[in-house]
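A, B, ... follow the sequence lines: proteins, then strands. Residue 1 opens every chain.
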Amino acid sequence: MKLATWNVNSLNVRLPHVMKWLEENPTDVLCIQETKLTDDKFPVTALETAGYQVAYTGQKTYNGVAIISKLPITDVVKNNPKFEDAQQRILAATIDGVRVVCAYVPNGQAVDSDKYQYKMAWLAAFHEWISEEAALHPQLAVVGDYNIAPEDRDVHDPAAWVGMVHVSPKEREALQRLLEIGLVDSFRLFEQPEKSYSWWDYRNLGFRLNKGLRIDHILLSDALRQRCTGCVIDRAPRKWEQPSDHAPVIATFS
DNA sequence: ATGGCCGGGAACCCCGGA
């Protein structure tokens, strides 16, 4: 089984990239974020014709998440039942006995901004809900754009990022609390190249100079960790024409 | 370098992203 997460930064623009990537990288479950599409605009036909089932929840202009799967999708839940949220950022579903949570964690904009307060409140409620999901579903994968770089080695220039959103101690603690539920960052289960990132700024030749952050993660419960045989970041689509600023992260399972 | 890039939506600038 192969499970991937990718912030596509507008599915309207990136649908061809998604289709091409799925063709080149047969994937059982692809979780995407920032679709920026209302549900009536979701490209159901294109994906179904390619042999995938879909679940999605979106809104105009911002946010929006979806799960694209070769295998049947059941027990779909939209949003965190414990957090009233007008923003469409969470989709959970069961696929092949695995509970998959696709999440787009708020950006936070700047430490101590209103958006940062929202991010922290969102993460607290997410922790509460994921704790329960973990108790209910031994095989749990919590994947998506976390907008948090866990450690300094996940940041191209840690000194330059001190005090910035994505690396602040409070955000990192929130991610750590999620891990304490019994989840593991699948990327760090395996030897990885130095300076591995999943996002690069469009500006300043960010990708060319590998000035990035590793903020997209696949967190796994212990039962899934036992089955995990690899986790990689696929930089290839970041080199395509008109790319998303994020790259897919892929975990494989026995 | 005080910044550069994107996408969306409403217009030909501004917001949000990270």
Side-chain angles (χ1 to χ4, degrees), chain A residues 5-19 21 31-43 56-66 85-90 102-123 126 143-172 174-175 187 195-217 233 235 237-249:
Chain A
T5 181
W6 192 7
N7 180 323
V8 297
N9 185 18
S10 170
L11 187 58
N12 191 37
V13 173
R14 235 65 72 185
L15 181 62
H17 298 63
V18 170
M19 303 307 289
W21 189 81
C31 296
I32 60 175
Q33 301 87 37
E34 281 206 88
T35 57
K36 300 185 179 179
L37 292 175
T38 49
D39 290 350
D40 58 306
K41 302 255 175 58
F42 196 85
Y56 46 89
T57 183
Q59 65 188 88
K60 197 174 171 181
T61 313
Y62 304 114
N63 312 308
V65 288
D85 195 355
Q87 304 185 19
Q88 302 303 302
R89 296 179 173 278
I90 292 175
C102 173
Y104 175 45
V105 177
N107 174 300
Q109 201 165 60
V111 171
D112 291 332
S113 65
D114 288 351
K115 291 193 175 72
Y116 185 81
Q117 301 299 331
Y118 165 69
K119 180 178 194 172
M120 298 315 299
W122 193 99
L123 283 164
F126 192 61
V143 317
D145 177 358
Y146 281 77
N147 274 316
I148 301 171
E151 301 175 65
D152 279 356
R153 61 176 164 163
D154 303 308
V155 180
H156 70 92
D157 184 353
W161 279 83
V162 169
M164 308 274 275
V165 77
H166 304 110
V167 305
S168 74
K170 278 185 180 174
E171 291 165 85
R172 285 177 166 174
L175 180 56
F187 190 74
K195 305 182 190 302
S196 287
Y197 310 122
S198 65
W199 169 87
W200 302 263
D201 202 314
Y202 282 123
R203 298 167 293 184
N204 312 325
L205 305 173
F207 183 69
R208 185 118 51 104
L209 301 175
N210 196 28
K211 291 182 171 179
L213 302 176
R214 192 176 69 89
I215 53 177
D216 300 88
H217 308 301
I233 296 169
R235 297 163 53 97
R238 189 64 176 75
K239 302 170 190 166
W240 296 350
E241 282 288 305
Q242 205 179 5
S244 167
D245 43 359
H246 294 252
V249 184

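Each of A:Ser10 and A:Tyr62 was assigned the nucleotide of DNA chain B with the nearest heavy atom; the assignment lying further toward the 5' end belongs to A:Ser10. When the nearest nucleotides of DNA chain B are assigned to A:Tyr202 and A:Asn63 by heavy-atom distance, the more 5′-ward of the two goes with A:Tyr202.
Under 4.0 angstrom from either OP1 or OP2 of B:dA18 there lies at least one side-chain N or O belonging to A:His246. For A:Lys115, a side-chain nitrogen or oxygen approaches OP1 or OP2 of B:dG16 to under 4.0 Å. The phosphate of B:dG16 (OP1 or OP2) has no side-chain N or O of A:Lys60 nearer than 4.0 angstrom. Side-chain N/O atoms of A:Tyr104 include one lying less than 4.0 angstrom from OP1 or OP2 on B:dA18. At least one side-chain nitrogen or oxygen of A:Arg14 sits closer than 4.0 Å to the OP1 or OP2 atom of B:dG7.
The backbone N or O of A:Gly108 sits less than 3.5 Å from a side-chain atom of A:Ser113, completing a donor-acceptor pair. One N or O on the side chain of A:Ser198 and one on the backbone of A:Ile215 form a donor-acceptor pair closer than 3.5 Å.
The neighbour count for A:Asp114 CG, taken as heavy atoms of other residues, nucleotides or ligands under 6.0 Å away, does not exceed 12.
With rounding to whole Å, A:Tyr116 atom OH is found 16 Å from B:dA18 atom P. Atom CZ of A:Arg203 and atom C1' of B:dA1 are 13 Å apart (whole Å). Protein atom NE2 of A:His17 is 13 Å distant from nucleotide atom C1' of B:dG7, rounded to whole Å. Spacing between atom CD of A:Gln242 and atom C1' of B:dC5 amounts to 12 Å, rounded to whole angstrom units. If you measure from atom CH2 of A:Trp200 to atom C1' of B:dC6, you get 16 Å, rounded to the nearest angstrom. We find that CG of A:Asn107 is positioned 11 Å from P of B:dG16, with the value rounded to whole Å. Atom pair A:Asp245:CG and B:dA18:P shows a separation of 7 Å (rounding to whole Å applied). A straight line from NZ of A:Lys41 to C1' of B:dG9 spans 12 Å, rounded to a whole angstrom.
Ranking B:dG7, B:dC5, B:dG17 by closeness to the A:Glu34 side chain, first place goes to B:dG17. Closest contact between the side chain of A:Arg89 and the listed nucleotides B:dG17, B:dA18, B:dA10 involves B:dG17. Listed nucleotides: B:dG7, B:dG17, B:dC5. Nearest to the side chain of A:Asn9: B:dG7.
Using a 30° and 60° split on the angle between ring planes, A:Trp122 and A:Phe126 fall in the parallel class, below 30°. Between A:Phe207 and A:Trp200, the ring planes are perpendicular. Angles over 60° get that label, and only those under 30° would be called parallel.
Among the atoms of the strands shown, only primed sugar atoms or phosphate atoms (P, OP1, OP2) are found under 4.0 Å from some heavy atom of A:Asn7. Using a 4.0 Å heavy-atom distance criterion, A:Ile215 is classed as a sugar-phosphate-only contact.
Taking the six-membered ring for Trp and the full ring otherwise, A:Trp21 and A:Trp6 have centroids separated by under 6.0 Å.
Nucleotides B:dA10 and B:dC15 have their C1' atoms positioned 11 Å apart, rounded to a whole Å. The gap from the P atom of B:dC12 to that of B:dA1 amounts to 35 Å, rounded to the nearest Å. B:dG16 and B:dA11 are spaced 16 Å apart, taking the P atom of each and rounding to whole Å. Rounded to the nearest Å, the gap between the P atom of B:dG8 and that of B:dG3 is 25 Å. The P atoms of B:dC13 and B:dT2 are separated by 26 Å, rounded to the nearest whole Å.
A donor-acceptor contact under 3.5 Å is not formed by the side chain of A:Asn147 with the base of B:dA18. Taking 3.5 Å as the limit, the base of B:dG4 and the side chain of A:Asn204 contain a donor-acceptor pair of atoms between them.
Partner of A:Lys119 under the side-chain contact (heavy atoms from CB on, under 4.5 Å) criterion, out of A:Asn107, A:Ile148, A:Val111: A:Ile148 alone.
With a glycosidic angle no further than 90° from 0, B:dA11 counts as syn.
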